[in-house]
Amino acid sequence: MNFIESISNYVLENISTKDLPKIGVIALIENYESESICILAGMNENDNSFEINQYFENSINELKIKLPTKIEAAKILTKYYLKQIVENPDSAYELMIILDNDIYKQIDWKENNKKYVGEELNIEKLFTWYREIQDWNDNSMILYYTELSRKEQRKKFEDHLVEEAEIALKNNYS
């Protein structure tokens with residue numbers, strides 16, 4: 001993950017204050033420069049959490065970066081994980097688990113009143129195939145490719161998951 005994606009992961013509370021020094025290191029690697037970033041990058045998880053947080057906030061201010069909202073962070077990380085799914089099709093299901101648990105479920109979407117799971121991030125079609133794989137894993141009833149062998153079914157579901165990730169990236173995250 002790059003610096004902005006890592007910050008987004010922090011905003012969604014998937015990482016804690018003790019992980020902020022690692023974000024400082026990423027910032028330095030990406031040529032973000034500030035006095036506080038250098039100090040933050042030199043800290044470690046055993047340092048005082050208050051001080052780590054203070055240097056992180058100072059870094060953000062010195063770099064004149066505005067932290068993303070939770071929804072903005074979710075969109076940033078959705079794009080990251082969609083790319084990961086496309087680039088790593090053999091890990092598509094495992095990456096979709098992360099996308100579901102660490103991004104989608106980190107926000108209370110009830111206010112948006114959408115019809116389909118994932119619609120808020122334009123990934124509802126990925127959830128169709130993700131749920132099919134979950135049902136396949138649980139030996140529950142599946143709705144697609146019932147005429148195929150179990151191995152062929154799983155392959156088809158994963159192929160569709162990758163295809164939908166490509167489409168979502170192209171249509172919504174380019």
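Computed from a predicted structure; not experimentally measured.
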Begin with the C-alpha distance, continue with both residues' side-chain angles, and end with the deciding distance and a verdict on side chain to side chain contact (heavy atoms under 4.5 Å, CB included) for I65 and Y32. CA-CA 11 Å; I65 294 174; Y32 287 91; 4.1 Å; yes
Joint hydrophobic cluster, [X] plus [Y], side-chain heavy atoms closer than 4.5 Å:
X	Y	result
V86	L161	yes
Y173	I167	no
L82	I97	yes
Y81	V11	no
M96	L143	yes

Atom [atom1] in [X], atom [atom2] in [Y]: separation rounded to 0.5 Å?
X	Y	atom1	atom2	value
D100	I123	CG	CD1	8.0 Å
W136	K156	CH2	NZ	15.5 Å
L28	L40	CG	CG	8.5 Å
L77	I7	CG	CD1	11.0 Å
E5	Y80	CD	OH	6.5 Å
T69	I107	OG1	CD1	7.5 Å

For [X] and [Y], which heavy atoms make the closest approach, and how far apart are they?
X	Y	answer
K105	N101	NZ-OD1, 3.5 Å
A165	L126	N-CD1, 3.7 Å
T17	S49	CG2-O, 3.3 Å
M43	P21	O-CB, 3.3 Å

Please test Y104 against L99 for side chain to side chain contact (heavy atoms under 4.5 Å, CB included), starting from the C-alpha separation and ending with a verdict. CA-CA 6 Å; Y104 188 75; L99 185 54; 6.0 Å; no
Do [X] and [Y] have side chains that approach each other closer than 4.5 Å (heavy atoms only, starting at C-beta)?
X	Y	result
N137	Y93	yes
I37	S59	yes
N14	Q106	yes
I71	K75	yes
I133	R154	yes
L20	Y10	yes

Between [X] and [Y], do the side chains contain an N or O donor and an N or O acceptor separated by less than 3.5 Å?
X	Y	answer
E51	Y55	no
N53	E57	yes
S149	E152	yes

Flag, side chain of E62 to backbone of S36, donor-acceptor distance under 3.5 Å: yes
Apply the test salt bridge (Lys or Arg N to Asp or Glu O under 4.0 Å) to residues E13 and K70: give CA-CA distance (whole Å), side-chain angles for both, the deciding distance (0.1 Å), then the verdict. CA-CA 9 Å; E13 301 174 14; K70 281 196 168 215; 3.7 Å; yes
Can you establish whether the number of heavy atoms outside E30 located under 6.0 Å from its atom CD is more than 12? yes
I'd like to know whether OH of Y144 has more than 12 heavy-atom contacts from other residues, nucleotides or ligands below 6.0 angstrom. no
Relative to each other, are the rings of W129 and H160 parallel, tilted or perpendicular (30° and 60° limits)? parallel
If the threshold is 4.0 Å, N to carboxylate O, is there a salt bridge linking K155 and D159? yes
Does L67 form a side chain to side chain contact (heavy atoms under 4.5 Å, CB included) with F56? I'd like the steps, not just the answer. CA-CA 11 Å; L67 288 178; F56 174 73; 4.1 Å; yes
Run L121 and F127 through side chain to side chain contact (heavy atoms under 4.5 Å, CB included) and show every step you take. CA-CA 11 Å; L121 295 170; F127 274 97; over 6 Å; no
